[in-house]
Amino acid sequence: MPDEVNPQEIIGFLKPRIGARFRTWLKICSHCGICADTCHYYIANGNDPKMIPSYKVRFLVDLIKKKGKVDKEYLEKVYHTVYHECNMCRRCTLYCPFGIDIALMISLLRSLLFSQGLAPDGLVRAIENYKKFGNQMAVTEEDWVDTIEWCEEEMAEELVGLKIPIDKKGAKIMYTVNAREPMFYPQDIMEVAKIFHVAGEDWTVPRKEGWDDTNLAMFCGDIKTAKYIVQNTFKRAEELQVKQIAITE
Amino acid sequence: MGYTPKQEVIHSVELFHDYIRDGRIRLREKIKEPTTVQDPCNVVRSGGLADKNRRLAEFLSEDFRPMKYQGNYNFCCGGGGGAMPMGGEMRKYRLKCGKIKAEQIRETGAKIVFVPCHNCIDQIRDLSKEYDLGIKAIHFKEAITELMEIPPEMIPEED
């Protein structure tokens, strides 16, 4: 990211995104502290007040108050909080008397950081893979199909008639996996094929991109890529005219 | 507003639960060792599958032991929100905050933990090493394929 931070950019990003809902949340939070004990970061860090969920989103109010006039160091502080001190699990929201969605505000801050070129390397690498290969692990179409066919062969030795139908039009279910499965855990694909076969399910997997049901772009606020990933899946589902899209464990 | 999907999106937990409930999958036996189940945030709290997740674990177990906070109220494993794929930079933070999950699991006395999420399972396996839990974390798939009845016509003939 550049050393200089442009305040207009920060405000220009936040203003249209902080609508009535965010404003209401930030206004009605009475800092009662109920969310403190709901957070695993707070408890595991010896009840560190810096880990109280409502405190973690203080940056939103602060950035607006400062009219975006912050430096790079400030944004790095935001980064540390929104990435290293929150899993966006939404447990705090469940206990909040107002139902304030802290995770959504953390997500907005992550989006803001992304717009400033600040995002975890691990997630940025995955985003490049999604854009190039349609999945987070850079599995090519050829490798994907090879893996599926290999899984089918292996399992057909155990169960008579087992098939892993690729691109079967009109199937009831289009099954999607985590890209780590063809890469590291083909066992998962074999097991689900066995279950579907015994249950007599009418299912298929798509050949082209859209079969990876993870969305790591969403976690670092890259909304454009996140949308692209989801669109691929629905595009395949429509082409194959399936009734349901099933996602892996 | 935006795009309206024409297809319903369902999760494996729901499918597997319904297969067993409806008798499409029959079980030969259940797991005898004590078990518990993780409620992944995006499957349970955000995905609404608290009941089916627990019931599926119960279908497969003789001795199911829920965690102290379960279903919608369960804790995150510490690997969510992109923490796992962030790799090395996140490792120490996620192992530290995962202490809560490790304690929850230890309290149940379970030996097998069902974990219907790739993210959670990697984190819980790391936690088991870090906090010496002595547990085995598995997906539901693994248990179902081991325990289910195979219809005779699907069993290959021996040469």
Side-chain angles (χ1 to χ4, degrees), chain A residues 39-41 43-45 83-91 94-95 103 106-107 110 120-123 125-126 136 157-162 173-175 178 180-181 185 187-188 190-192 194-195 197-201 214 216 218-220 231 234 237-238 242-249, chain B residues 3 5-16 19 24-25 40-41 43 45-46 72-90 93-94 96-101 115-119 121-122 139-142 144-145 148-151 153-157:
Chain A
C39 177
H40 51 300
Y41 280 91
I43 311 171
N45 285 285
Y83 280 107
H84 301 154
E85 296 175 354
C86 178
N87 293 109
M88 308 201 291
C89 76
R90 301 176 73 230
R91 190 169 190 265
L94 211 60
Y95 286 85
I106 294 284
S107 179
R110 287 187 180 192
D121 291 342
L123 299 184
R125 271 197 302 275
Q136 58 152 301
E157 283 174 21
E158 284 187 33
L159 288 185
V160 174
L162 182 142
I173 290 175
M174 180 179 96
Y175 186 70
N178 182 315
R180 295 172 65 79
E181 293 179 31
Y185 307 108
Q187 192 66 29
D188 279 48
M190 296 183 199
E191 283 165 0
V192 85
K194 253 173 134 172
I195 294 172
H197 186 56
V198 171
E201 191 55 85
T214 67
L216 300 181
M218 181 183 74
F219 290 132
C220 64
Q231 272 176 338
F234 281 109
E238 274 186 30
V242 296
K243 289 192 183 59
Q244 293 172 317
I245 298 167
I247 58 181
T248 188
E249 282 179 71
Chain B
Y3 170 79
K6 294 180 188 67
Q7 297 80 15
E8 183 190 13
V9 177
I10 48 168
H11 190 269
S12 296
V13 161
E14 191 168 7
L15 272 177
F16 300 159
Y19 289 158
R24 288 174 74 176
I25 296 275
C41 304
V43 176
R45 196 162 20 249
S46 295
N72 292 332
Y73 293 90
N74 211 329
F75 279 101
C76 168
C77 64
M84 294 309 292
M86 274 164 67
E89 78 163 274
M90 190 60 198
Y93 303 111
R94 68 173 166 84
K96 185 157 189 200
C97 76
K99 193 176 161 230
I100 309 302
K101 182 54 61 191
V115 189
C117 165
H118 270 279
N119 216 62
I121 206 167
D122 287 347
H139 287 310
F140 278 123
K141 289 184 204 76
E142 189 179 330
I144 296 170
T145 46
M148 70 183 174
E149 250 176 44
I150 308 291
E153 68 275 16
M154 289 185 193
I155 300 169
E157 279 172 42

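Order of the sequence lines fixes the chain letters, A, B, ..., with proteins taken first and strands second; residue numbering starts at 1 for each chain.
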Exercise. Would you check if A:Glu238 and B:Lys6 make a side-chain contact, meaning some heavy-atom pair closer than 4.5 Å?
Key: yes
Quiz item: Nearest 0.5 Å, what's the CD1-NZ distance between B:Ile10 and A:Lys243?
Solution: 12.0 Å
Practice problem: With a 4.5 Å cut-off on heavy-atom pairs, point out which of A:Val160, A:Val242, A:Ile106, A:Thr214 contacts chain B the most. | Solution: A:Val160
Quiz prompt | Contact class of B:Glu14 relative to chain A, heavy atoms under 4.5 angstrom | solution = neither
Exercise. Decide yes or no for A:His84 and B:Met86: does some side-chain heavy atom of the first lie under 4.5 Å from some side-chain heavy atom of the second?
Key: yes
Self-check item: Part of B:Val9 within contact of chain A (heavy atom distance under 4.5 Å)
Solution: both
Quiz item: Do you know which of A:Ile195, A:Ile43, A:Leu123, A:Leu162 has the most heavy-atom pairs under 4.5 Å to chain B?
Solution: A:Ile195
Quiz item: With chain A, which of B:Glu153, B:Lys96, B:Glu149 has the greatest number of heavy-atom pairs at distances under 4.5 Å?
Solution: B:Lys96
Exercise. May I ask you to decide if A:Thr248's main-chain N or O and B:His11's side chain share a donor-acceptor pair within less than 3.5 Å?
Key: yes
Quiz item: side-chain hydrogen bond (donor to acceptor under 3.5 Å, both in side chains) with B:Tyr93: which residues, sequence neighbours excluded?
Solution: none
Quiz item: Partners of A:Glu85 by side-chain hydrogen bond (donor to acceptor under 3.5 Å, both in side chains), sequence neighbours excluded?
Solution: A:His80
Quiz item: Is it the case that B:Tyr19 and A:Glu201 place a side-chain donor and acceptor less than 3.5 Å from each other?
Solution: yes
Practice problem: Take B:Cys97 and A:Asn87 through the test side-chain contact (heavy atoms from CB on, under 4.5 Å) and record every step on the way to the result. | Solution: CA-CA 10 Å; B:Cys97 76; A:Asn87 293 109; 4.1 Å; yes
Quiz item: Under a 4.5 Å heavy-atom cutoff, which of B:Lys99, B:Gln7, B:Glu89, B:Met148 has the most pairs with chain A?
Solution: B:Gln7
Quiz item: Does the side-chain contact (heavy atoms from CB on, under 4.5 Å) test come out yes or no for B:Phe75 and A:Cys89, once each step is laid out?
Solution: CA-CA 8 Å; B:Phe75 279 101; A:Cys89 76; over 6 Å; no
Quiz item: Can you say whether A:Lys194 sits under 4.5 Å from chain B via the side chain, the backbone, both, or neither, judging by heavy atoms?
Solution: both
Quiz item: When only pairs under 4.5 Å are counted, which of B:Gly82, B:Ala83, B:Cys41 shares the most heavy-atom pairs with chain A?
Solution: B:Gly82
Quiz item: Under a 4.5 Å heavy-atom cut-off, does chain B meet the side chain of A:Leu216, its backbone, both or neither?
Solution: side chain
Quiz item: Who wins among B:Arg94, B:Glu142, B:His139, B:Lys101 for the most heavy-atom pairs under 4.5 Å with chain A?
Solution: B:His139
Quiz item: For A:Arg125, is it the side chain, the backbone, both, or neither that has a heavy atom closer than 4.5 Å to a heavy atom of chain B?
Solution: neither
Self-check item: Options A:Asp121, A:Leu159, A:Asp188, ranked by heavy-atom pairs under 4.5 Å with chain B, top entry
Solution: A:Asp188
Practice problem: Below 4.5 Å from any heavy atom of chain B, which atoms of A:Ala199 appear? Answer side chain, backbone, both or neither. | Solution: both
Quiz prompt | Side chain, backbone, both or neither of A:Arg90 within contact of chain B (heavy atoms, under 4.5 Å) | solution = both
Practice problem: Could you look at A:Tyr175 and say if it's the side chain, the backbone, both or neither that has a heavy atom under 4.5 Å from chain B? | Solution: side chain
Exercise. Give the C-alpha distance, both sets of side-chain angles, the deciding distance and a yes or no for ring-ring contact (aromatic ring centres under 6.0 Å, His included) between B:His118 and A:Tyr185.
Key: CA-CA 10 Å; B:His118 270 279; A:Tyr185 307 108; 5.6 Å; yes
Quiz item: Is there side-chain contact between B:Leu15 and A:Ile173, with at least one heavy-atom pair below 4.5 Å?
Solution: yes
Self-check item: Atom CZ of A:Phe234 with >12 non-hydrogen neighbours under 6.0 angstrom
Solution: yes
Quiz item: Within a strict 4.5 Å, meaning less than it, do heavy atoms of the A:Pro120 and B:Met90 side chains meet?
Solution: no
Practice problem: Would you mind telling me which of B:Pro5, B:Pro151, B:Cys77, B:Pro40 has the largest number of heavy-atom pairs within less than 4.5 Å of chain A? | Solution: B:Pro5
Quiz item: Most heavy-atom pairs under 4.5 angstrom with chain B, which of A:Asn45, A:Leu94, A:Asn178, A:Val192?
Solution: A:Leu94
Quiz item: Relative to chain B, which of A:Gln136, A:Arg91, A:Met88 shows the most heavy atom pairs under 4.5 Å?
Solution: A:Arg91
Exercise. Please round to the nearest 0.5 Å and tell me the distance separating atom NE2 of A:His197 and atom OG1 of B:Thr145.
Key: 14.0 Å
Quiz item: Do any N or O atoms from the side chain of A:Glu249 and from the backbone of B:Lys141 form a donor-acceptor pair under 3.5 angstrom?
Solution: yes
Self-check item: Portion of B:Asn72 that has a non-hydrogen atom of chain A nearer than 4.5 angstrom
Solution: both
Quiz item: In terms of heavy-atom proximity below 4.5 Å to chain A, should B:Phe16 be classed as side chain, backbone, both, or neither?
Solution: side chain
